[in-house]
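Taking it in order: structure first as structure tokens, then the write-up.
In what follows, every chain begins at residue 1, and chains take the letters A, B, ... in the order their sequences are listed.
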Amino acid sequence: MRMSQMFGQTLREAPADAEVVSHQLLVRAGFIRQLGAGIYTLMPLGMRTTVKVETILREEMNRIGGQEIFMPVVHPAELWKETGRWYKIGDEMSRFHDKNGRDMVLAMTHEEVVADLVRKDIQSYRQLPRMVYHLQTKWRDDPRPRAGLIRVREFTMKDSYTLDKDEEGLDKQYRAHYQAYFDIFNRCSLPVIAVGADVGMMGGSLAHEYMYLTPIGEDTLLLSDCGYKANRQIALFKKPEPEAEDALDVEKVATPDVATIEALAEFLDIPKSRTAKAVFLMATFSEEKKDVEKLVFAVVRGDMDLNETKLMNAVKAKELRPAHDEEIADVGAVAGYASPIGINKEKIILVVDDLIPNLPNLVAGANEAGFHLRNTNYGRDYEAEIVADIVSAEEGYLCPKCGEPMQAQRGVEVGNIFKLGTDFTVPMGGNFLDEDGKEKPVIMGSYGIGSGRLVQSVVEEHNDENGIIWPISVAPYHVHLVGLRGGEEAAAKLYDELEAAGLEVLYDDRDESPGVKFKDADLIGVPIRITVSKRSLEEGSTEFKLRREDDRQKVALEDTVAKALEYKATLEAEVASTVVEIPYED
RNA sequence: CGGGGUGUAGCGCAGCCUGGUUAGCGCACUGCGUUUGGGACGCAGGGGCCGGCGGUUCAAAUCCGCCCACCCCGACCA
């Protein structure tokens, strides 16, 4: 590509609304342009890198038996009504009517379409196992797009789906993905870890998330030196052992204008850990066809944070939202001064963290504005319907496996794998006839990688103060050829020769000063730079520089193509050497 | 959805508080000339419904109201 002909330009300054380095660089270097919140155009450079990433995705999916298909981005709503997700998912799914007034949806994901294919095309166990995948646009009207391509509303995803006749088959395909995903990220030179994850709205039994560890990540992970690692949504931890203490009599104390745990601890001069915190949430349950809301009253130790994912799983709700003050008052509780003692238990589901029964003499609300109770004791003063772990793990909490303090780190979820089971094939009738003559639902797995998020994560990992430093595997070009004054003719000839040798070359033939060309080369970040100038030609040479290194090297003009091929091979071999077997961890 | 912030040329910004010539600066862009190994210089240019609507006023980028868009934190999220 001759730069003088390329659509798009580099920017000296990044737009003010780009905060994350990788976002700034992708915009400045001319890879992406924003169209709206969470909606981006891929420019020629961004497109080339994306194609590189997608090629890797295809190769690795094909390698484990994937068959590429292409499913639509617009779906009839009927499919989503069949699995219930039409009702379950809120604003995040965009809906519209076609000209006949039929409900349509923009695809957020494709489980329903796959299940529909299953019921149309799979009849026998002889047709299993199978694996299909596609690369397709997804639309999720996310409440908060952010950080460039890291979190967008419209994005391209590689999603694959496995179809099996039994759990063993699913496990086999799941493990194949587990390894293939590491291979994919390694080929992109992106370091990731796989962590246990909540199955969330996908349902199913087991899930891993592939996390790129970085402060710009939006998920929090808990990591232990012993190897335990999990998303905070589900991370376990070892609860502290409280000191034994005799239960004392309940005592009502006036606590005027003390409505928070902080204020309460200060007012009574006690640690927050000696208080019980009450949190109210409205939970939605499906009963028959209707949704029913019920107030969940959760109690955790005052210094700990409620984990809504754990709570949601504990009460088996499909949705949780903060309760309004009126809803809290309706059950006889007073926000800020609430406790389970003396509450109308008919109307609520009381859930107590499993640490609470071991904690004697906690301070809790009196359900009366301005008053708290000292020395409340679980079992004597109240009992809960559910006792479960409903607290979020934090930095420094003890590892559930080894008991040592854990570290909290942020991460970007660049991929995930799910054992879905029969959650989609049962409601949609995706059955097959098994060897034993019985009809059974096909067992599914679902596996996703967002290509844009992956591209930006690579940039976040590989950059310096001058710009991007692409790994050669996903670089938009292999070689950035800089032609300076006096070297135009030789550069143009070299450009043709390099391309003829199979190299992808970005040739800066613009009428610009050397400074501008070098700055742009650094910004765009192509791994191998070759400069041809009057100065170099006087010595009969060209100048090589790797983007990631500072030193330059003179190479005889006639050896330039060979040298470029050699560098490319070396860099590719380096990347390839990182692709290794990763032990599978549940 | 809650909190905070920003909308003035392609990008970065000043002007607004205290209303009043033709709305300004840097980069980018066009032409000419000089320059040429790390974002050059001179001269001459082009480009703006000052986010939108409404109001106050003789007069609004500037004051007031409503709306919209975008960004950040949180909530949410396969």
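Taking a pair to require two hydrogen-bonding distances under 3.5 Å in either a Watson-Crick or a G-U wobble arrangement, B/A14 remains unpaired. Pairing for B/C58 goes to B/G20, judged as Watson-Crick or G-U wobble with the two contacts each under 3.5 Å. B/G47: no Watson-Crick or G-U partner with both key distances under 3.5 Å is found in any strand. With a 3.5 Å ceiling on both atom-pair distances, the Watson-Crick or G-U wobble partner of B/G42 is B/C32. Pair assignment for B/G65 gives B/C53, based on Watson-Crick or G-U wobble hydrogen-bonding distances that are each under 3.5 Å. Using Watson-Crick or G-U wobble geometry with both donor-acceptor distances under 3.5 Å, B/C1 finds its partner in B/G74.
Distance noted for atom C1' between B/C29 and B/C72: 32 Å (whole Å). Taking atom P on both nucleotides, B/G48 is separated from B/G24 by 13 Å, rounded to a whole Å. Comparing the C1' positions of B/C27 and B/G2 gives a spacing of 39 Å, expressed to the nearest Å. For the C1' atoms, the distance linking B/A69 with B/G51 amounts to 7 Å, nearest Å. Distance check on atom P: B/G7 versus B/C64 gives 15 Å, rounded to whole Å. A gap of 28 Å separates the C1' atoms of B/C66 and B/A9, to the nearest Å. B/U8 and B/A61 have their P atoms separated by 15 Å, given to the nearest Å. Taking atom C1' on both B/A28 and B/G10, the two are 7 Å apart, rounded to the nearest angstrom.
In terms of modelled atom types and a separation under 3.5 Å, the side chain of A/R529 and the main chain of A/R547 share no donor-acceptor contact. Between the side chain of A/S451 and the backbone N or O of A/E54 there is no donor-acceptor pair closer than 3.5 Å. Although no hydrogens or angles enter the test, the distance criterion places a donor-acceptor pair under 3.5 Å between the side chain of A/S533 and the main chain of A/S536.
Side-chain polar atoms of A/Y567 and A/Q553 form a donor-acceptor pair below 3.5 angstrom. A side-chain donor-acceptor contact under 3.5 Å links A/S4 and A/D509.
A straight line from NE2 of A/H23 to P of B/C72 spans 8 Å, rounded to a whole angstrom. Following rounding to the nearest Å, A/M108 (CE) and B/C76 (P) show an atom-to-atom distance of 16 Å. Distance, A/D17 CG to B/C13 C1': 14 Å, rounded to whole Å. Straight-line distance from the CD atom of A/Q9 to the P atom of B/U30: 10 Å, rounded to whole Å. Rounded to a whole Å, the CG atom of A/D219 is 12 Å from the P atom of B/G74. Between A/R151 atom CZ and B/A75 atom P the separation is 11 Å, expressed in whole Å. Per the geometry, CE belonging to A/M43 stands 13 Å off C1' belonging to B/C11, to the nearest Å. In this structure, A/E308 atom CD and B/G74 atom P are separated by 15 Å, rounded to whole Å.
Within the 4.0 angstrom heavy-atom criterion, base atoms lie near A/F155. Among the heavy atoms of the strands lying under 4.0 Å from A/P143 is at least one base atom, whether or not backbone atoms are also near. Looking at heavy-atom distances under 4.0 Å, A/A18 makes no contact with the nucleic acid at all. Across all strands shown, A/A147 has heavy atoms under 4.0 Å from sugar-phosphate atoms exclusively, and none from any base.
Between A/R146 and the phosphate of B/C73, there is a side-chain N or O to OP1/OP2 separation shorter than 4.0 Å. Taking 4.0 angstrom as the limit, A/Q34 places a side-chain polar atom (N or O) nearer than this to OP1 or OP2 of B/C71.
When all heavy atoms are compared, the tightest approach of A/I234 to A/N307 is N-ND2, 4.5 Å. In terms of heavy atoms, A/N231 sits closest to A/T220 at OD1-O, 3.6 Å.
Classified by interplanar angle (parallel below 30°, tilted 30° to 60°, perpendicular above 60°), the ring pair A/H208/A/Y178 is perpendicular.
Counting only heavy atoms from C-beta outward, the side chains of A/E394 and A/M304 never approach each other to under 4.5 Å. Residues A/V53 and A/V458 form no side-chain contact, since every pair of their non-hydrogen atoms from C-beta on lies 4.5 Å or further apart. Looking at A/L135 and A/R58, their side chains come closer than 4.5 Å, going by heavy atoms from C-beta outward.
For the side chain to side chain contact (heavy atoms under 4.5 Å, CB included) test, residues two or more places apart in sequence or in another chain that qualify with A/I64 are A/M61, A/M131, A/A176, A/H177, A/A180.
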Sugar-phosphate or base contact per nucleotide [nucleotides 44-53 of chain B; S, B, -; heavy atom under 4.0 Å]: ----------
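Map A/A14 and A/R144 each onto its nearest nucleotide of RNA chain B; the residue landing nearer the 5' end is A/A14. Of the two residues contacting RNA chain B, namely A/E19 and A/R232, the nearest-nucleotide position lying further toward the 5' end is that of A/E19.
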Polar atom pairs between nucleotides 37-39 of chain B and protein, under 3.5 Å, N or O only, would you list them?
unit_1 : atom_1 : unit_2 : atom_2 : d
B/G37  : O2'    : A/R535 : NH1    : 3.1
B/G37  : N7     : A/S533 : OG     : 3.2
B/G37  : O6     : A/S533 : OG     : 2.3
B/G37  : N1     : A/E543 : OE1    : 3.2
B/G37  : N2     : A/E543 : OE1    : 2.6
B/G37  : N2     : A/E543 : OE2    : 2.7
B/G37  : N2     : A/R552 : NH1    : 2.9
B/G38  : N7     : A/R552 : NH2    : 3.4
B/G38  : O6     : A/R529 : NH1    : 2.9
B/G38  : O6     : A/R529 : NH2    : 3.0
B/G38  : O6     : A/R552 : NH2    : 3.0
B/G38  : N1     : A/D522 : OD2    : 3.1
B/G38  : N2     : A/F518 : O      : 3.4
B/G38  : N2     : A/D522 : OD2    : 2.1
B/G39  : O2'    : A/R12  : NH1    : 2.6
B/G39  : O2'    : A/R12  : NH2    : 2.8
B/G39  : O6     : A/R28  : NH2    : 3.0
B/G39  : N1     : A/D520 : OD1    : 3.3
B/G39  : N2     : A/D520 : OD1    : 3.4

